[in-house]
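Values below: every heavy atom of this structure, side chains too, minus hydrogens, waters and symmetry copies. Note on naming: letters A, B, ... go to the chains in the order of the sequence lines (proteins, then strands), and numbering restarts at 1 for each one.
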There are 2 protein chains.
Amino acid sequence: MNTKLTVREQVLDHAITLMMLRGYNGFSYRDLSELVGVKTSSIHYYFPSKDDLVLEAVKQYSDEVVQALQAVDPALPADQKLAMYTRFFGKTLGDGNQICLCGMLAADIETLPEAVREAVQAFFRTNETWLAKVLAQGVKEGTLVARGKPESAARTLFAALQGSVLASRLFHTKTRLEDVEAMWKAAP
Amino acid sequence: MNTKLTVREQVLDHAITLMMLRGYNGFSYRDLSELVGVKTSSIHYYFPSKDDLVLEAVKQYSDEVVQALQAVDPALPADQKLAMYTRFFGKTLGDGNQICLCGMLAADIETLPEAVREAVQAFFRTNETWLAKVLAQGVKEGTLVARGKPESAARTLFAALQGSVLASRLFHTKTRLEDVEAMWKAAP
DNA sequence: GTCTATACATGGATAGAC
DNA sequence: GTCTATCCATGTATAGAC
């Protein structure tokens, strides 16, 4: 059991949540201070600058997503893999109107240091690569449809998912995310 | 000729540009003050609060886009309409790494007043409606492909375009936007 | 590690002179 | 309309005591 989180872990978790809600420029050390219950100077002890904090946040978030992808049973049919992925992608919407951290940081990217850009790029590539394999499998099986190369189809699919969580939150509905999934599923 | 812009117009134009680059929480009255060459108090004269400013910005931006859509020759084949739209959508990328204002504000939406949310929603709907008509035309002509209803296909296409400008800027490449367009074009 | 205290810049906003 | 002057809150960050 790991019920007791260290201060550092709590800070990082709240930072991720806040950024997924309001973006990098929409939260402060003070917000974290109030949420965790320590002074801002204590947070600076763990994360000297906000740049350090966001970089660690991206790393942790990426690791969590990678683990979730690896946890998907390879034996499943591709359409079920995509359904799981879509559900996972939209989960944080219901949790509190949050969108993918790396989608959000992509919007804020021009205000962030180069190291963060590289980390976010790596996240994009990891997801796109995973989706490309799922699409290739789905085409072979006949459970999914994808025009052109799986790689470019995967980039388009990933972009559509990122755009759709944005729209889903904007309109307070999840149907836009479901529209995307339906578009890649083979007709029954 | 309309070469001389009023202070108000200059402020609004720069506000739009800055928000497309850094987001709502990534620019200040001081930034605008330096760009336009007037004091921040003068900007407050035209836009009492930042909320007023962003609302006016969305309205002007929307009007400009609506005009551009109306300027598209209805007699064109649908694939050419989509090509124009995609080019238009990605134009600001080359101008200075800017993305669609309303895509950016959708990311910042949880920090913005309700009136802005409604204005951004209206922008999304306008674009999706226009794209739905283009898709319907394209399917009939055989120049575009769209699975399912044109309306839901248009929502997915619009989301894919929004997600792709984000990714294009992130990776410093426009190919991701082109991937999207190719996916909806009929095979030659 | 966490605190108090504080520095110092930034940011939104207003009052009142011109 | 635009300015000066100013207010006050916020935000990042650091020094040094405990």
Side-chain angles (χ1 to χ4, degrees), chain A residues 2-58 60 104-105 107-116, chain B residues 2-58 60 104-105 107-116:
Chain A
N2 226 6
T3 51
K4 276 184 198 165
L5 294 178
T6 65
V7 168
R8 195 196 130 97
E9 287 165 340
Q10 289 182 63
V11 169
L12 208 45
D13 286 351
H14 278 117
I16 291 173
T17 305
L18 279 176
M19 276 191 278
M20 290 169 74
L21 183 67
R22 300 192 221 151
Y24 176 74
N25 297 303
F27 84 103
S28 68
Y29 272 59
R30 205 164 296 185
D31 295 328
L32 294 170
S33 161
E34 287 163 8
L35 284 167
V36 177
V38 296
K39 298 295 174 181
T40 60
S41 49
S42 301
I43 303 178
H44 279 286
Y45 170 78
Y46 295 105
F47 308 98
S49 79
K50 212 180 171 188
D51 285 353
D52 299 319
L53 176 57
V54 64
L55 193 56
E56 291 301 304
V58 174
Q60 171 164 321
M104 178 61 93
L105 294 182
D108 294 333
I109 203 68
E110 299 296 321
T111 68
L112 291 165
E114 187 61 22
V116 174
Chain B
N2 226 5
T3 50
K4 277 183 196 165
L5 295 177
T6 65
V7 168
R8 195 195 131 97
E9 286 165 341
Q10 288 182 65
V11 168
L12 209 45
D13 286 350
H14 277 115
I16 291 173
T17 304
L18 279 176
M19 276 192 278
M20 290 168 75
L21 183 68
R22 301 193 219 150
Y24 176 74
N25 297 302
F27 83 103
S28 68
Y29 272 59
R30 205 162 297 184
D31 295 329
L32 295 171
S33 161
E34 287 163 8
L35 284 167
V36 177
V38 295
K39 298 295 174 180
T40 61
S41 50
S42 300
I43 303 178
H44 279 285
Y45 170 78
Y46 295 105
F47 308 99
S49 80
K50 211 179 172 188
D51 286 351
D52 299 320
L53 176 58
V54 64
L55 193 56
E56 292 300 304
V58 174
Q60 171 164 322
M104 178 61 93
L105 294 181
D108 294 332
I109 202 69
E110 298 296 320
T111 67
L112 290 166
E114 187 60 23
V116 174

> Who pairs with A:His44 by ring-ring contact (aromatic ring centres under 6.0 Å, His included), at least two apart in sequence or on another chain?
Replying inline: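 Expected list: A:Tyr29.
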Please enumerate all residues that pass side chain to side chain donor-acceptor pair (under 3.5 Å) together with [X], with sequence neighbours excluded.
X: A:Thr17; answer: none
X: A:Thr111; answer: A:Asn25
X: B:Gln60; answer: B:Asp13, B:Glu64

> Roughly how far, to the nearest 0.5 Å, is CG of A:Leu53 from CZ of A:Phe27?
Replying inline: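 Spacing of CZ (A:Phe27) from CG (A:Leu53) equals 5.0 Å.
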> Which parts of nucleotides 1-14 of chain C does protein reach within less than 4.0 Å, heavy atoms only, written one letter per nucleotide 5' to 3' as B for base, S for sugar-phosphate only and - for none?
Replying inline: SBBB------BSBB
> By side chain to side chain contact (heavy atoms under 4.5 Å, CB included), which residues pair with A:Ser28, not counting sequence neighbours?
Replying inline: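 By the side chain to side chain contact (heavy atoms under 4.5 Å, CB included) rule, A:Ser28 matches A:Arg30, A:Asp31.
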> Quick one: bend of the helix from C:dG1-D:dC18 to C:dC18-D:dG1 from 5 pairs per end, to 10°?
Replying inline: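 Taking the rotation axis at each end, their angle is 0°.
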>> Quick test of your reading: applying side chain to side chain donor-acceptor pair (under 3.5 Å), list the pairs with at least one residue in residues 46-57 of chain A, sequence neighbours left out, ordered by first then second residue.
In response: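 Counting only pairs at least two positions apart or across chains, the side chain to side chain donor-acceptor pair (under 3.5 Å) contacts touching residues 46-57 of chain A are A:Arg8-A:Glu56, A:Tyr24-A:Asp51, A:Ser49-A:Asp52.
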